[in-house]
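Here is the naming used below: chain letters follow the sequence lines, and residue numbers restart at 1 for every chain.
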2 protein chains.
Amino acid sequence: MSAHVFIAEDEASIVALLKYNLEKEGYKVSHSENGEDALKQIKLKQPDLILMDWMLPELSGVEICKNLKKNNKFNDIPVIMLTAKGEEEDKLKAFDTGADDYVTKPFSQKELNARIKSLLRRSKPQSSSDIVEFTDLKIDRITKRVYRKDKEITLGPTEFKLLDFFIKNPKRVYSREQLLNNVWGEDIYVESRTVDVHIRRLRQAINIQNTKPLIRTVRSAGYSLES
Amino acid sequence: MSAHVFIAEDEASIVALLKYNLEKEGYKVSHSENGEDALKQIKLKQPDLILMDWMLPELSGVEICKNLKKNNKFNDIPVIMLTAKGEEEDKLKAFDTGADDYVTKPFSQKELNARIKSLLRRSKPQSSSDIVEFTDLKIDRITKRVYRKDKEITLGPTEFKLLDFFIKNPKRVYSREQLLNNVWGEDIYVESRTVDVHIRRLRQAINIQNTKPLIRTVRSAGYSLES
DNA sequence: TTCATCAGTTAACAAATGATTAAAAAGGGG
DNA sequence: CCCCTTTTTAATCATTTGTTAACTGATGAA
């Protein structure tokens, strides 16, 4: 599933160039040539990232940016401003409107790609990394192995998924309900007490001597992974 | 409460310059001159943003960055790489290691400030309503933790809900009736004296030495949360 | 001022709620 | 069919909750 990049730019040649390059990188690309339309489209399509020309007919890039950043639903979409002139004042103004980065024309496609990648990585919540660590816990999603203090630990499939889920959002408290939906699956029905049993097994497994317990029970709320 | 910026850089003159400028901007600043120490300090202090020199003694910036980005506890801290040479290859490598931005020396302080501001804004989406503070009280609805003067406090579920409700409208006086409806629920019937008991328990819990009481009794009207 | 009354505070306790645990039953590949 | 994992069940354990009743202090009338 590739990211969706939206281009708000009126110069056709630049749009063509960007589109060509971004699609080669595997992004889904759409665009608009005018500010008012761009804003409408963005709100409709909710892209993952926006490349926005500084100057746009109808509604300037600055205005669009301000509008988006004000709205809770869209203020997480990263915006890269494309500015023609390399003047510093403009750069600063771009950041002030809430842009997340800017690039001056003419720009290097390689650098633009790098910046896009960086912003997308940052806005994607799940660190899609194959090896994730949290304090002295390490889990390898490829080899399906789990380590605590570099010592390997064996987990059953469910316990592995459970830990994998917890480690995506450490410290966050999840209800049994949420755990069932995310670890077992939306449509599977099992008793909510079942969660307790697996929590217990997970606890037993990851608990090696003289370490504090990593899974916190929050009465009447759920469980969380703690440091 | 200002953000904490960590500088990992070995050239004393640059550190001095950065420190001076950042402190003027209102940031809390700390630094280290060597890679190994920097990593240790970062893990200890958990700064809000890192300025990292590309080349560092003991452990290169790239290595530190990789290490941080692997660990769930630290991979949310934005990193800005300071590169000496303006070579594109280096820039790209910087992004690949997980850096969130880079700046080539010599850099404009104004631009650096703008980039810092942008990254901090982006990384602080501590979803407004998930963490609520009132004077020296802080309640985190995600981790279900409550702090007074940064010291954690443990509350039972009902006391948590009660405080959570009060903090939504500080200084407002609620009758026992209103509290029962909003904290216990519309259709649950318990004695109104029960509220007093929970108010007491909440008071005891959030009361740590030499602080004035936070919950005011309004005779024949109810209770309110005060500063 | 004194006393009666009213409203809020406090401590103690029993009931209920929720979590832990062990063990049995049920599935599900190999 | 056997072995391993998962789920259910039920007993036990721990914490929280609501109630009661005694206590404290404010209020205001005599």
Side-chain angles (χ1 to χ4, degrees), chain A residues 144-146 152-166 173-207 212-226, chain B residues 139 143-146 152-166 172-207 211-226:
Chain A
K144 307 274 179 200
R145 283 173 196 277
V146 179
E152 190 178 347
I153 275 162
T154 32
L155 296 179
T158 308
E159 282 76 57
F160 184 89
K161 274 186 277 178
L162 193 56
L163 180 60
D164 191 13
F165 179 68
F166 270 123
V173 175
Y174 291 103
S175 68
R176 288 168 229 284
E177 215 82 344
Q178 289 175 303
L179 292 172
L180 285 174
N181 281 336
N182 286 287
V183 176
W184 276 257
E186 300 278 349
D187 44 358
I188 286 165
Y189 179 70
V190 290
E191 285 303 319
S192 82
R193 288 272 138 247
T194 302
V195 176
D196 303 33
V197 176
H198 285 277
I199 287 284
R200 160 142 218 274
R201 297 214 258 259
L202 179 56
R203 272 179 172 150
Q204 276 182 326
I206 65 178
N207 185 59
K212 30 175 153 129
L214 286 185
I215 293 175
R216 174 169 77 119
T217 306
V218 181
R219 190 174 234 251
S220 80
Y223 298 96
S224 69
L225 181 64
E226 300 289 320
Chain B
I139 121 171
T143 64
K144 307 272 180 197
R145 286 177 192 277
V146 179
E152 190 180 348
I153 276 163
T154 32
L155 296 179
T158 307
E159 281 77 57
F160 185 91
K161 275 185 275 177
L162 192 56
L163 179 60
D164 192 10
F165 179 67
F166 270 123
R172 177 175 176 155
V173 177
Y174 291 102
S175 69
R176 292 177 175 70
E177 212 81 350
Q178 288 176 303
L179 292 172
L180 284 173
N181 281 335
N182 286 287
V183 176
W184 275 257
E186 300 279 350
D187 44 358
I188 287 165
Y189 178 70
V190 289
E191 287 300 322
S192 83
R193 289 274 129 240
T194 302
V195 176
D196 302 34
V197 175
H198 283 279
I199 287 284
R200 157 138 224 275
R201 301 215 252 250
L202 179 55
R203 272 177 171 153
Q204 270 184 329
I206 66 177
N207 185 59
T211 48
K212 37 176 148 137
L214 286 184
I215 293 175
R216 178 167 72 115
T217 305
V218 182
R219 189 168 234 256
S220 77
Y223 298 95
S224 70
L225 182 64
E226 300 288 320

*Minimal non-hydrogen separation, Ser224(B) against Glu226(B), with atom names*: OG-OE2, 2.7 Å

_Using C1' atoms of five pairs at each end, report the bend of the helix from dT1(C)-dA30(D) to dG30(C)-dC1(D) rounded to 10 degrees._
20°

Can you give the donor-acceptor pairs under 3.5 Å from side chains of residues 184-192 of chain B to other protein atoms, not counting sequence neighbours?
none

*What's the CG-P distance between Asp196(B) and dG18(D), to the nearest Å?*
13 Å

Under 3.5 Å, which protein N or O atoms sit close to an N or O of nucleotides 9-12 of chain D? Give each pair with its distance.
none

Name each donor-acceptor pair under 3.5 Å that joins a side chain in residues 153-165 of chain B to protein atoms two or more places apart or in another chain, with its distance.
| from | atom 1 | to | atom 2 | distance (Å) |
| --- | --- | --- | --- | --- |
| Glu159(B) | OE2 | His198(B) | ND1 | 2.4 |
| Asp164(B) | OD1 | Arg141(B) | NE | 2.9 |
| Asp164(B) | OD1 | Arg141(B) | NH2 | 2.7 |
| Asp164(B) | OD2 | Arg141(B) | NE | 3.3 |

*CD1/Ile139(B) to NZ/Lys144(B) distance, rounded to the nearest 0.5 angstrom?*
8.5 Å

*Select base, sugar-phosphate, or nothing to describe what Arg176(A) touches, counting heavy atoms under 4.0 Å on all strands.*
sugar-phosphate

*Kindly say if Trp184(A) contacts the phosphate of dT6(D), meaning a side-chain N or O under 4.0 Å from OP1 or OP2.*
no

*Considering all heavy atoms of both residues, which atom of Arg203(B) and which atom of Arg216(B) are nearest to each other, and what is their separation?*
NH2-C, 3.9 Å

*asked:* Just to be sure I understand the rule, does Tyr223(B) reach a base, reach only the sugar-phosphate, or reach nothing, if contact means heavy atoms closer than 4.0 Å?
replied: sugar-phosphate

*Among the candidates dT15(D), dT17(D), dT7(D), find the nucleotide nearest to the side-chain atoms of Val190(A).*
dT7(D)

*Rounded to the nearest 0.5 Å, how far apart are CG of Asn207(B) and CD1 of Ile215(B)?*
10.0 Å

*Mind checking the CG-CZ spacing from Asp196(B) to Arg193(B)? Nearest 0.5 Å is all I need.*
4.5 Å

*Atom-to-atom span, CZ of Arg200(B) to P of dT19(D) - whole angstrom*: 18 Å

*asked:* By the definition side-chain contact (heavy atoms from CB on, under 4.5 Å), identify the one residue from Arg176(B), Arg172(B), Glu177(B) that meets it with Tyr174(B).
replied: Arg172(B)

*Among residues 155-163 of chain B, which residues get a heavy atom nearer than 4.0 Å to DNA chain D?*
Pro157(B), Thr158(B), Glu159(B)

*asked:* Nearest 0.5 Å, please: how far is OH in Tyr223(B) from CG in Leu202(B)?
replied: 11.0 Å

*asked:* The test is side chain to side chain contact (heavy atoms under 4.5 Å, CB included); show your working for Val197(A) and Arg201(A) and say whether it passes.
replied: CA-CA 6 Å; Val197(A) 176; Arg201(A) 297 214 258 259; 3.7 Å; yes

*Anything under 4.0 Å to a heavy atom of chain A counts; send over the first and last such nucleotide of DNA chain C, read 5' to 3'.*
dT17(C) to dA22(C)

